[in-house]
Number of protein chains: 2
Amino acid sequence: MTKKKTKIPNACPIVNAFHLIGGKWKPYIIYYLQKKNQRFGKLHFLIPDISRKVLTEQLREMESDELIHRKKFDESPPRVEYSLTEKAKEVIPILEALGEWSFKIHKEKMTESLDEEIYIDYCQDYL
Amino acid sequence: MTKKKTKIPNACPIVNAFHLIGGKWKPYIIYYLQKKNQRFGKLHFLIPDISRKVLTEQLREMESDELIHRKKFDESPPRVEYSLTEKAKEVIPILEALGEWSFKIHKEKMTESLDEEIYIDYCQDYL
DNA sequence: TGTCATGGTTACATTTTCGTTACTACTTAT
DNA sequence: ATAAGTAGTAACGAAAATGTAACCATGACA
């Protein structure tokens, strides 16, 4: 058995999807923007564990993928508002289905646990 | 605006889902196992760019997450067969929806390109 | 007796992703 | 004159993920 050498030019569409909306922070960004348009600072407050550098990077990436829209107001101090595009809004039901699936698995595995209630509260909010 | 310090015990269910089925290789593993149960060596042939070390790691992880089943035959040379569990099979329609969504975005962006046909062929197969 | 095949494992190196800290430009309020 | 607030950026470093190359145990087969 020798190596297959037919390189796929772009990754498979599912891998592609993970590039668009996966990673450590993009799900949170989508989550908070889906509820409400947000300014940079507020987004950083809502997702405090991300560094501002990485938040900027992720937002720029999502902007160039046309998943979010960046609206800059010509004011001072500067104001920038981020919102989801239609493309991004279309994927939300799919993400919710994914969340429900993983939540079901999680519940099956962890029958007891002190953190369980907190997790469930958080998930109810999310799902 | 100070830092929010309420740590979430486990990540949000969507982030959790990405741990289960995301990453560089798990989508491919799911894809090939969904078509047909596979032995370790065949899987490595089908996904030639993964190293055997990482393939082992990913398979072990998915096994402990109960997404795949590992069946070892007592033969020589050894034979091991991997298959998807019911849990994993449940997520496939969701993954397909995700793939269609990202494929649609991809098509909108790339109107021309030489690789396009190859990509589409690959995707048709995938979707 | 020694080579082959399978399904790995181990130690180490590299790449990719993410974080820390300090800094900037602009304008209004004190 | 200077401090404060917003939305960043730049240089550097740490951590996480992945890759490379060599090795192992088993039994069949020549």
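Only this structure's heavy atoms are used, side chains among them; waters, hydrogens and symmetry mates stay out. Every chain is numbered from 1 and lettered A, B, ... according to where its sequence line falls, protein lines coming before strand lines.
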* **Cationic N near anionic O, under 4.0 Å, B/E100 to B/K104** => no
* Asked: So, do A/K89 and A/Q34 sit near enough that their side-chain heavy atoms are less than 4.5 Å apart?
  -> no
* To do: Could you please spell out the steps behind the side-chain contact (heavy atoms from CB on, under 4.5 Å) verdict for B/W101 and A/I21?
  => CA-CA 11 Å; B/W101 171 80; A/I21 54 167; 3.8 Å; yes
* Structure fact -> A/F18 CZ to D/dA17 C1', in whole Å, measures 17 Å
Which atom pairs link the protein and nucleotides 17-19 of chain C when you take only N or O atoms and keep those under 3.5 Å?
unit_1 : atom_1 : unit_2 : atom_2 : d
C/dG19 : OP1    : A/D49  : O      : 3.4
C/dG19 : N7     : A/K53  : NZ     : 3.3
C/dG19 : O6     : A/K53  : NZ     : 2.5

* **Distance test, side-chain N/O of B/R52 to OP1/OP2 of D/dC24, below 4.0 Å** => no
* Structure fact -> Atom CD of A/E63 and atom C1' of D/dG8 are separated, to the nearest Å, by 13 Å
* In whole Å, what is the span from the CG atom of B/L59 to the C1' atom of C/dT9? -> 14 Å
* Identify the heavy atoms of A/L98 and B/A17 that sit nearest to each other, and give their distance. => CG-CB, 3.8 Å
* Asked: Minimum heavy-atom separation for A/S102 to B/P13, with atom names?
  -> OG-O, 2.6 Å
* Rounded to the nearest angstrom, tell me the gap between atom CZ in A/F73 and atom P in C/dT27. => 17 Å
* A/Q38 CD - D/dT6 P separation (whole Å) -> 14 Å
* Asked: Between D/dG8 atom P and A/L43 atom CG, what is the distance in whole Å?
  -> 10 Å
* Asked: What's the CD1-C1' distance between B/I29 and D/dT18, to the nearest Å?
  -> 13 Å
* At under 4.0 Å, does any side-chain N or O of A/R70 touch on OP1 or OP2 of D/dA7? -> no
Show me, pair by pair, the donor-acceptor contacts under 3.5 angstrom made by side chains of residues 63-73 of chain B, not counting sequence neighbours?
unit_1 : atom_1 : unit_2 : atom_2 : d
B/S64  : OG     : B/E61  : O      : 3.2
B/E66  : OE1    : B/K87  : NZ     : 3.2
B/R70  : NE     : B/Y82  : OH     : 3.2

* Between B/R60 and C/dT9, does any side-chain N or O lie under 4.0 Å from OP1 or OP2? -> yes
* To do: Identify which one of B/T56, B/L43, B/L55 satisfies the side chain to side chain contact (heavy atoms under 4.5 Å, CB included) criterion when paired with B/I50.
  => B/L55
* Give a yes/no answer on whether the side chain of A/R79 brings an N or O atom under 4.0 Å of OP1 or OP2 in D/dG5. => no
Under 3.5 Å, which N/O atoms of the protein pair with N/O atoms of nucleotides 26-30 of chain D?
unit_1 : atom_1 : unit_2 : atom_2 : d
D/dG27 : O4'    : B/S76  : OG     : 2.7

* Asked: In whole Å, what is the span from the CG atom of B/D74 to the C1' atom of C/dG7?
  -> 13 Å
* To do: Identify the heavy atoms of A/P27 and B/F18 that sit nearest to each other, and give their distance.
  => CG-CE1, 3.6 Å
* Look at all strands and tell whether B/Y82 reaches a base, only sugar-phosphate, or nothing, counting heavy atoms closer than 4.0 Å. => sugar-phosphate
* Should the ring pair A/H106 and A/F103 be called parallel, tilted or perpendicular, given that the plane angle runs from 0 to 90° and is split at 30 and 60? -> parallel
